[in-house]
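Notes to accompany the following structure.
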Amino acid sequence: MATDKDMFADLVASVALHRDRDAFERLFDHFGPRINAFLMRLGTDSGMAEEITQEVMVTLWRKAELFDRNKSSVGTWLFRIARNRRIDLARRDRFDDSDDDTSSIVDESPGPDQILDAGRYEAIVQSAMTRLPDEQLSLVRLAFFDGLSHSQIADETGLPLGTVKSRIRLAFARMKRVLEERGISGEI
Amino acid sequence: MSKIVKPETSGIEEMLAAYVAGRLSAPLNALFAAHLELSPVNRHYVRALEAAAGAALVDGPLAPITRRDAKLAAIFALDAVPARPRVVMPETPDLLPRALKRFLGRGLNDISWKRALPGVKEYKIMEGEQGDVSLFWIGAGKKMPTHTHEGSEVTLVIQGGFTDVIGHYGVGDVAIADQDVDHRPVADDDGEDCICFAVADAPLVLTGAFGRWVEPFRKH
């Protein structure tokens with residue numbers, strides 16, 4: 001049985017090969033509102049979040065053939081495009097840099113020399129997270145996935161700010177150690 | 001006097017997680033992107049966190065898109081851009097990692113350094129809310145003045161290397177000093193000058209006799 005992940009990758013392939021509008025609409029309806037929500041969690045106002053989301057969707061329509069299912073999932077690919085686009089726009093404001101540099105859209109950042117299967121990364125992160133103590137895991141979720149600041153987390157959990165800071169710092173350090181123990185180490 | 005404690009973790013793992021999540025300020029974002037270009041040590045960790053973030057996006061909360069049909073129509077009106085062979089512009093050889101070059105809008109060859117101290121040159125990129133962002137050029141074997149920080153200071157080594165109370169840093173390494181660290185980086189004395197990109201989230205507060213003397217000249 002095909003997983004959701006395969007299904008999304010197939011839809012992107014269909015957009016790339018056949019300019020398949022139905023496939024695109026399904027991707028748009030699934031990911032558009034989620035990218036929009038992700039951007040708003042980062043503090044982007046709703047107008048700008050929708051604008052960036054639309055740019056990400058335009059990229060998906062026009063550059064679908066750049067997606068490589070061996071390197072990442074569709075979710076990860078779109079996540080990175082949205083994240084980088086937002087940062088580029090912030091940078092442009094500051095420097096009034098009008099060059100239309102698309103390099104943030106194409107993933108040019110160096111990956112590990114030895115690329116692991118995209119699905120394996122996810123599985124390993126998930127198993128690494130289950131090995132965190134509960135008190136650290138819940139903070140990692142709030143900080144990384146829900147995007148709360150240290151002080152928001154302190155408010156929400158009732159923990160002192162210093163405790164929040166040190167636990168989160170330790171939790172991520174531990175995550176990295178666990179990944180390394182699992183054979184994901186940076187030095188190849 | 002300040003305490004010198006070697007922390008259990010420099011905090012780089014958390015900063016990389018913030019990088020992955022898109023939460024870093026523009027200068028720190030550029031710093032960590034450049035770190036990943038220069039050094040392989042954290043690439044797997046970053047890829048793994050990105051995979052987790054991507055998976056979370058797939059099942060994540062929704063914020064509805066307004067004018068959905070109009071937006072789709074606008075997209076379908078666009079032509080696909082055929083994949084074309086990437087035009088590689090002949091780049092002037094430059095020491096700066098691409099991410100820093102993009103952030104600065106220029107390469108190392110186009111930078112006008114200012115002498116900050118004997119043997120130390122500085123190129124100030126910005127000051128203010130985003131922190132103090134500078135490139136430093138430290139002559140081989142030269143010392144930076146002793147200083148602490150009001151906030152943390154994050155430094156990426158681009159060429160050469162330096163040693164502070166925490167340890168030694170080579171090309172691609174990131175040194176993170178928080179306000180408790182009273183450090184005095186010394187560039188490697190191996191004949192090669194050290195070039196660093198530093199982001200301090202508050203103005204440096206210089207300490208020590210030399211520092212007090214220097215400080216007025218830093219504020220202009």
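What you are looking at is a predicted structure, and each value in this text was computed from that prediction instead of being measured. Below, chain A is the first sequence line, B the second, and so on; all start at residue 1.
- Looking at A:T53, only its side chain comes within 4.5 Å of chain B, counting heavy atoms on both sides.
- Residues A:E50 and B:T66 have side chains that bring a donor and an acceptor to within less than 3.5 angstrom of each other.
- Within the 4.5 angstrom heavy-atom criterion, no atom of B:V46 approaches chain A.
- The pair A:E25-B:R68 meets the salt-bridge criterion, with a side-chain N (NZ, NE, NH1 or NH2) lying under 4.0 Å from an Asp/Glu carboxylate O.
- With a threshold of 4.5 angstrom between heavy atoms, A:V58 approaches chain B through its backbone and through its side chain.
- Counting heavy atoms from C-beta on, the side chains of A:R62 and B:I75 never come closer than 4.5 Å.
- Of all non-hydrogen atoms in A:A37 and B:L62, the two that sit nearest each other are CB-C, 3.8 Å.
- A:L179 contributes atom CG, which lies 10.5 Å from atom CD of B:E13 (distance to the nearest 0.5 angstrom).
- Contacts between B:L49 and chain A at a heavy-atom distance below 4.5 Å involve backbone atoms as well as side-chain atoms.
- Going from atom OG1 of A:T76 over to atom CG of B:L57 covers 8.5 Å, rounded to the nearest 0.5 Å.
- Annotation for A:F79 and B:A21: closest pair CZ-CA, 4.2 Å, computed over non-hydrogen atoms.
- In this structure, B:R23 fails the cation-pi test against A:F144, since its NZ or CZ atom is not both closer than 6.0 Å to the six-membered ring centre and inside 45 degrees of the ring normal.
- Heavy atoms of other residues, nucleotides or ligands lying less than 6.0 angstrom from CZ of A:R69 number more than 12.
- Side-chain contact between A:K5 and B:V58 is absent, with no heavy-atom pair separated by less than 4.5 Å.
- Closest of all the heavy-atom pairs between A:F28 and B:I65 is CZ-CG2, 4.3 Å.
- Listed here is the closest heavy atom pair of B:A63 and A:N36: O-ND2, 3.0 Å.
- Heavy-atom distances place the backbone of B:P64, and not its side chain, under 4.5 Å from chain A.
- When A:P33, A:S149, A:G75 are compared by the number of non-hydrogen pairs under 4.5 Å with chain B, A:P33 comes out ahead.
- Annotation: maximal heavy-atom pairing with chain B below 4.5 Å, among A:M175, A:R41, A:M129, A:M40, occurs at A:R41.
- Note on B:D59 versus A:R34: no salt bridge recorded, every NZ/NE/NH1/NH2 to OD/OE distance being 4.0 Å or above.
- Counting heavy atoms of neighbouring residues, nucleotides and ligands inside a 6.0 Å radius, atom CG of A:D45 exceeds 12 of them.
- Between B:F76 and A:R19, every side-chain heavy-atom pair lies at or beyond the 4.5 Å cut-off.
- For chain B, the nearby parts of A:I35 are the backbone and the side chain; heavy atoms of each come within less than 4.5 Å.
- Residues B:A56 and A:F145 share a closest heavy-atom pair of CB-CD2, 3.6 Å.
- Taking all atoms of both residues into account, the shortest heavy-atom contact from B:A51 to A:E122 is O-CG, 3.5 Å.
- The number of heavy atoms from other shown groups lying within 6.0 Å of CZ (A:R174) is above 12.
- Within the 4.5 Å cutoff, the side chain of A:H150 has heavy atoms near those of the B:E14 side chain.
- Between B:E50 and A:R83, at least one side-chain nitrogen of the basic residue sits less than 4.0 Å from a carboxylate oxygen of the acidic one, meeting the salt-bridge criterion.
- With contacts defined as side-chain heavy-atom distances shorter than 4.5 Å, the pair B:L72/A:R21 does not qualify.
- Taking the side chain as every heavy atom from C-beta outward, B:H44 and A:Y121 approach each other to under 4.5 Å.
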